[in-house]
Chemist: 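This is the structure I want to talk about, given as structure tokens.
Because only heavy atoms are used, hydrogens play no part in the values below, and waters and symmetry mates are left out as well, while side chains stay in. So you know, we letter chains A, B, ... as the sequences are listed, proteins then strands, and number each from 1. On a predicted model such as this, the values are computed, not experimentally measured, just so you know.
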Protein chains: 2
Amino acid sequence: MVRPKLGRTMPAIPIRTVPVATPGGSYDILIGQGLLAASATWAGLPRARLALIVTNTTVDALYGDSLAEALAPHYARVERLALPDGESHKDWATLNLIFDRLLELEADRKTLLFALGGGVVGDITGFAAACYMRGVPFVQVPTTLLAQVDSSVGGKTAINHPLGKNMIGAFHQPQRVVCDLDTLGSLPARELSAGLAEAIKYGPIADAGFLEWIESELPALLARDPEALAHAVRRSCEIKAEVVGADERESGRRAILNFGHTFGHAIEAGLGFGQWLHGEAVGCGMTMAARLSQRLGLMAAADVQRLNRLVQTAGLPVVAPRLAAPGSDETGRWLELMAVDKKAEAGSIRYVLIDGLGRAVLRPVPEGDVRAVIAEAQALAA
Amino acid sequence: MVRPKLGRTMPAIPIRTVPVATPGGSYDILIGQGLLAASATWAGLPRARLALIVTNTTVDALYGDSLAEALAPHYARVERLALPDGESHKDWATLNLIFDRLLELEADRKTLLFALGGGVVGDITGFAAACYMRGVPFVQVPTTLLAQVDSSVGGKTAINHPLGKNMIGAFHQPQRVVCDLDTLGSLPARELSAGLAEAIKYGPIADAGFLEWIESELPALLARDPEALAHAVRRSCEIKAEVVGADERESGRRAILNFGHTFGHAIEAGLGFGQWLHGEAVGCGMTMAARLSQRLGLMAAADVQRLNRLVQTAGLPVVAPRLAAPGSDETGRWLELMAVDKKAEAGSIRYVLIDGLGRAVLRPVPEGDVRAVIAEAQALAA
């Protein structure tokens with residue numbers, strides 16, 4: 001892991017700006033190099049006496065000082081809180097560390113929170129911002145590819161409950177999202193792949209051309225080429241902004257962003273949060289949802305194979321794990337885990353399916369087809 | 001404590017309806033007798049498979065069965081959760097009991113919560129509804145006068161933090177508020193008085209005529225005359241609905257509803273939540289805020305005396321308690337407790353002051369005046 005050069009005077013590539021407009025708030029996503037350490041990046045945010053950077057111990061060591069220095073000209077006081085690292089800490093206990101600190105600091109309603117880190121830090125900090133004094137503003141500073149292409153955009157915040165992922169949360173839009181591509185240089189390969197899963201997702205659900213682009217640029221993406229990463233992040237954010245702008249609170253279309261997530265959440269919950277990375281579970285889940293689409297006559301076998309190959313080449317798992325104790329009802333356990341998914345209503349799950357590359361549909365699916373897909377995806381191990 | 005007659009076929013007084021319109025949702029407040037046990041009261045709410053009544057052990061014993069029976073025709077499944085009773089339980093641990101039950105029941109996004117009880121039950125259930133799966137609908141069924149005239153209306157939900165009251169919460173509007181006046185028959189006298197504090201509040205801040213009405217009808221209100229209670233609840237809800245409709249998220253005018261609350265919150269936090277009832281603290285706090293208004297030349301001495309007399313006759317305290325250890329800086333302790341109030345910004349508190357009966361203004365106040373008022377209010381004990 002190499003500490004990337006920050007604060008360069010001339011960014012190597014031009015800064016991209018993606019606007020997001022929702023009923024709950026409008027803001028910009030900035031994408032570029034050297035953003036985090038540049039004081040100018042942080043101009044024009046809501047005025048506050050106190051800024052609190054919430055991060056985790058790993059990211060704090062890499063970028064905490066740079067961000068704190070860059071924020072110093074803008075706020076009378078800049079404080080930092082480093083949470084324990086990992087999805088297993090996305091819970092009440094960790095959330096309360098943020099509230100405790102805010103109250104110790106006598107933080108008022110105008111206090112600005114900066115979520116510096118990956119999806120876990122962004123989700124939990126955003127939820128703290130949603131609830132502290134019934135809502136204070138916050139800024140997303142995603143440092144993982146997954147957070148840059150997906151979780152930092154759209155205002156979904158949450159923590160996990162032992163009985164289900166992201167079960168407790170709020171919709172709370174950030175004031176700005178700052179994607180510094182340089183931070184991806186320090187990302188472990190496994191997390192880079194996990195982020196690619198969410199970028200790949202946008203192709204099947206909304207843009208077949210973007211899927212093709214990722215296929216051809218995958219080597220550059222895996223080599224962390226800034227131009228390639230910049231385009232992947234920008235196009236992902238554009239698609240997400242369009243979907244979220246049309247349906248902030250997921251009463252309809254926004255649910256297509258959950259392609260692969262119903263199976264993925266079952267994997268994460270079944271193995272225990274943190275065993276597989278979220279993006280790994282989504283990668284495998286997308287191949288399963290594609291197979292399900294194929295079974296229902298919606299997706300061509302060749303396209304399913306194509307997605308499968310891309311997921312695998314991106315360094316993501318395509319073989320589904322076993323979630324039940326040996327000898328017990330394996331596919332039944334999956335169905336049980338999927339039933340608590342937030343997308344379930346009145347006990348029946350609406351699956352995000354691909355109706356030809358670039359188009360997603362939501363519908364319930366006969367249980368037999370779901371069971372068959374789970375068994376197939378596990379059999380790949382043989 | 002007498003169990004009131006419920007489910008009478010002919011309400012003794014006509015049902016009043018007060019509409020509330022905010023950006024976050026529009027709904028009706030129903031005020032009348034026999035509402036809780038009448039199945040018709042619950043028609044026209046959002047459809048759901050599961051209704052969960054959240055209440056406390058005390059209220060559950062009185063009205064849990066009646067409400068469950070009245071809801072039965074409307075939902076396939078009606079479940080009940082009785083929380084421990086009291087402001088001291090308005091915390092994370094109790095909130096999590098609601099989430100645990102919802103997940104055990106595999107409650108989906110359409111599940112409807114019914115908050116049956118006083119302000120604590122309403123605030124905590126509303127906050128659970130705001131956060132469960134990022135928001136499910138809920139209905140307020142306030143059974144105390146305080147909840148009927150104030151806390152059940154307007155969408156403020158919250159729990160307490162050891163360092164401050166209502167510090168963690170959300171704005172989440174209910175689908176309906178049902179004020180069954182019969183439930184006030186079972187209310188201990190102390191809680192009836194606490195509720196009167198919030199009703200009295202609306203006079204000084206918005207309607208001098210209503211203050212006069214309460215003065216003349218106080219004996220009827222204390223005797224729990226249904227006509228008098230109906231008018232007090234209706235006029236209180238009308239004023240609150242008007243204020244909240246103009247400023248749902250308290251960026252301005254809504255703050256006038258906090259008249260007496262800055263001092264009141266200091267009392268509650270300083271003595272430990274649950275020692276004084278919220279309405280008792282607000283009652284005493286209003287007399288202190290009135291004195292402060294008088295010191296600043298905004299309120300006539302005669303009006304301060306009038307409010308003081310009304311608060312006292314309503315059965316509420318007008319002598320401020322001691323909050324610091326003997327020998328330490330008493331008024332300093334008050335200032336410290338008030339500094340964490342949500343209304344504080346950048347360390348300076350904007351006090352709700354009365355600029356002539358019926359008109360509230362918000363402004364910062366010199367510390368010396370605040371200290372003087374605290375000392376005065378404590379000296380009344382001598």
Side-chain angles (χ1 to χ4, degrees), chain A residues 23-24 47-50 76-77 91-93 95-96 98-111 127-128 130-136 155-164 166-172 248-251 255 336 339-349, chain B residues 23-24 47-50 76-77 91-93 95-96 98-111 127-128 130-136 155-164 166-172 248-251 255 336 339-349:
Chain A
R47 293 168 66 87
R49 183 180 54 116
L50 170 67
R77 194 170 174 195
D91 59 10
W92 280 128
L95 178 69
N96 272 312
I98 306 178
F99 294 136
D100 291 346
R101 175 63 73 86
L102 285 167
L103 281 155
E104 281 160 23
L105 292 169
E106 295 179 11
D108 66 22
R109 277 180 178 167
K110 301 211 160 167
T111 302
F127 187 43
C131 298
Y132 184 69
M133 292 191 174
R134 301 196 185 94
V136 295
K156 275 194 183 180
T157 73
I159 56 170
N160 298 329
H161 183 281
L163 294 178
N166 291 334
M167 281 294 159
I168 318 296
F171 290 95
H172 190 52
E248 183 184 17
R249 293 190 163 240
E250 196 166 318
S251 41
E336 195 177 273
V340 293
D341 193 90
K342 284 191 300 303
K343 289 169 286 304
E345 260 172 31
S348 92
I349 300 169
Chain B
R47 292 168 67 87
R49 185 180 52 116
L50 170 67
R77 195 169 172 194
D91 59 9
W92 280 129
L95 178 68
N96 272 312
I98 306 177
F99 294 138
D100 291 347
R101 175 62 74 85
L102 285 168
L103 281 154
E104 282 161 21
L105 291 168
E106 296 180 9
D108 66 24
R109 278 179 177 169
K110 302 210 161 169
T111 301
F127 187 43
C131 298
Y132 184 68
M133 292 190 174
R134 299 194 187 95
V136 295
K156 276 196 182 178
T157 72
I159 56 171
N160 298 329
H161 183 281
L163 296 179
N166 291 335
M167 281 293 159
I168 318 295
F171 290 96
H172 189 53
E248 183 183 18
R249 294 189 163 242
E250 196 167 315
S251 41
E336 195 178 274
V340 294
D341 193 272
K342 287 191 298 303
K343 288 170 288 303
E345 259 171 35
S348 91
I349 300 170

Chemist: Are Glu106(A) and Leu163(B) side-chain neighbours, meaning at least one heavy-atom pair lies under 4.5 Å?
Modeler: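 Not touching, per the 4.5 Å side-chain cut-off.
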
Chemist: Can you label the angle between the Trp92(A) ring and the Phe99(B) ring as parallel, tilted or perpendicular, going by 30° and 60°?
Modeler: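 Geometry flag for Phe99(B) against Trp92(A): parallel rings.
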
Chemist: Is a donor from one side chain sitting under 3.5 angstrom from an acceptor on the other, for Asp100(A) and His161(B)?
Modeler: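 Judged by distance alone, the side chains do pair up.
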
Chemist: Measuring heavy-atom distances to chain B, does Thr111(A) have an atom under 4.5 Å in its side chain, in its backbone, in both, or in neither?
Modeler: neither

Chemist: Looking at Ile168(A), Leu50(A), Ile159(A), Asn166(A), which makes the most heavy-atom pairs under 4.5 Å with chain B?
Modeler: Ile168(A)

Chemist: Which answer fits Leu95(B), side chain, backbone, both or neither, if we ask what part of it has an atom under 4.5 Å from a heavy atom of chain A?
Modeler: side chain

Chemist: Could you give me the CA-CA distance, side-chain angles and deciding distance for Glu250(A) and Arg134(B), then say whether salt bridge (charged side-chain N to carboxylate O under 4.0 Å, His left out) is met?
Modeler: CA-CA 10 Å; Glu250(A) 196 166 318; Arg134(B) 299 194 187 95; 5.7 Å; no

